[in-house]
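Beneath this line is the structure, given in structure tokens, with notes to follow.
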Number of protein chains: 2
Amino acid sequence: MKNIQGKELDQPIVIDCSIEKALNIIGSKWSFLILRELFTGTKRFSELQRAINGVSPKALTDALRHMEENEILVRTVYPTVPVKVEYSLTEKGQDLHKIIKEMKYWGAKWG
Amino acid sequence: MKNIQGKELDQPIVIDCSIEKALNIIGSKWSFLILRELFTGTKRFSELQRAINGVSPKALTDALRHMEENEILVRTVYPTVPVKVEYSLTEKGQDLHKIIKEMKYWGAKWG
DNA sequence: TATCTTACTATAAATTTTATAGTAGATATA
DNA sequence: TATATCTACTATAAAATTTATAGTAAGATA
């Protein structure tokens, strides 16, 4: 995953801007919609796939992995057959709620 | 410009989600950084280019055009030589400040 | 035996993004 | 006179990313 400037996120570059930091941690456009879903509670992969119109499984996997690495969400695997995987927000992830809420207000007002 | 599902924005599709509406109107990742700059006042193309680390002129032009079409900012051309072009936020654009502010808080806390 | 399920991967194709050079048109400099 | 400078972009090809599609494991079900 690359940052907003197109550099690998594990490269030693210093970003001063908090907005850029937030955008890099959140990841991609899909992350916002994953957040929207997870604020209402834990979800499985297939539930997210159905709820988010237009995501390919790869895009969803990539976004979830990125968010997991950045400790926005946790991934829990239940070794059943077929396997069950649940995604839920961490405190860090829950704290993004204010941003998404403001987006929702703005979108309802101007969209 | 395409929407978050990859469809052209002028296609007759209905989006119910306010978050998606907001994301589609804002446009791309660069838009957030353009907003960051314009909240401090009117800026010229070259000022934005210098202030936003890593934008290509094409990416900047594309983002500005998209934001202009969506009435987030206005573009004013002064017919001097060389020409001078200024970008400034509309009321709709100013109103995005809450979102960016929350991003900034979050980035400062967790980033 | 064939089919269904979940949570993904693999691959190639399609699309987007980026880097780089170039443009106008007047002024400034050597 | 020739060259360089400035701004705000465009054009183009190359590079990178994203998407669509098919496929996988591994047991349950009909």
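Numbered from 1 within each chain, the chains take letters A, B, ... in sequence-line order.
- Atom CD1 in A:Ile52 sits about 15 Å away from atom C1' in C:dC8, given to the nearest Å.
- The 5' end of DNA chain D is approached more closely, in terms of each residue's nearest nucleotide, by B:Thr61 than by the other of B:Thr61 and A:Lys58.
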Compile the donor-acceptor pairs under 3.5 Å between side chains in residues 84-93 of chain A and protein atoms, sequence neighbours left out, one pair per line.
unit_1: A:Glu86; atom_1: OE1; unit_2: A:Tyr78; atom_2: OH; d: 3.3
unit_1: A:Tyr87; atom_1: OH; unit_2: A:Arg75; atom_2: NE; d: 3.3
unit_1: A:Thr90; atom_1: OG1; unit_2: A:Glu71; atom_2: O; d: 2.6
unit_1: A:Thr90; atom_1: OG1; unit_2: A:Ile72; atom_2: O; d: 3.0
unit_1: A:Thr90; atom_1: OG1; unit_2: A:Lys92; atom_2: N; d: 3.4
unit_1: A:Thr90; atom_1: OG1; unit_2: A:Gly93; atom_2: N; d: 3.1
unit_1: A:Lys92; atom_1: NZ; unit_2: A:Asn70; atom_2: O; d: 3.0

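- Side chain of A:Arg44, nearest nucleotide from D:dC9, D:dA8, C:dT6: C:dT6.
- Each end of the helix from C:dT1-D:dA30 to C:dA30-D:dT1 gets its own axis, taken as the rotation carrying the C1' atoms of four end pairs onto the next four within a five-pair window, and the two axes meet at 30° to the nearest 10 degrees.
- Of the residues in residues 72-82 of chain A, those with a non-hydrogen atom less than 4.0 angstrom from any atom of DNA chain C are A:Arg75, A:Pro82.
- With sequence neighbours left out, B:Thr40 forms a side-chain hydrogen bond (donor to acceptor under 3.5 Å, both in side chains) with B:Lys43.
- Scanning all heavy atoms of the two residues, the minimum distance from B:Ile100 to B:Leu35 falls at CD1-CD1, 4.0 Å.
- Closest non-hydrogen pair, A:Leu23 versus B:Lys29, comes out as CD1-O, 4.4 Å.
- Residues in residues 43-63 of chain B take part in no ring-ring contact (aromatic ring centres under 6.0 Å, His included) pair, two or more places apart or across chains.
- Of the two residues contacting DNA chain C, namely A:Arg65 and B:Pro57, the nearest-nucleotide position lying further toward the 5' end is that of A:Arg65.
- Separating the CG atom of A:Asp62 from the C1' atom of C:dT9 is a distance of 11 Å, rounded to the nearest angstrom.
- Look at CG on B:Leu60: it is 10 Å from P on D:dA8, rounded to the nearest Å.
- Between B:Arg50 atom CZ and D:dA8 atom C1' there is a gap of 12 Å when expressed in whole angstrom units.
- Closest to the B:Trp30 side chain, of the nucleotides D:dT19, C:dC8, C:dT18, is C:dT18.
- Distance CZ (B:Phe45) to P (D:dC6): 16 Å, rounded to an integer number of Å.
- One atom, NZ of B:Lys84, and another, C1' of C:dA26, lie 17 Å apart when rounded to the nearest Å.
- Heavy-atom minimum distance, A:Arg36 versus A:Ala51: NH2-O, 3.5 Å.
- Residues satisfying the side chain to side chain contact (heavy atoms under 4.5 Å, CB included) test with A:Ile26, not counting sequence neighbours, are A:Ser31, A:Phe32, A:Leu96.
- Applying the side-chain hydrogen bond (donor to acceptor under 3.5 Å, both in side chains) test to residues at least two apart or on different chains, the pairs with a partner in residues 100-111 of chain B are A:Asp95-B:Lys109, A:Asp95-B:Trp110.
- Regarding A:Leu48, its CG atom lies at a distance of 12 Å from the C1' atom of C:dA7, rounded to whole Å.
- Residues passing the side-chain hydrogen bond (donor to acceptor under 3.5 Å, both in side chains) test with B:Lys98, sequence neighbours excluded: none.
- Spacing between atom CD of A:Glu86 and atom C1' of C:dA7 amounts to 13 Å, rounded to whole angstrom units.
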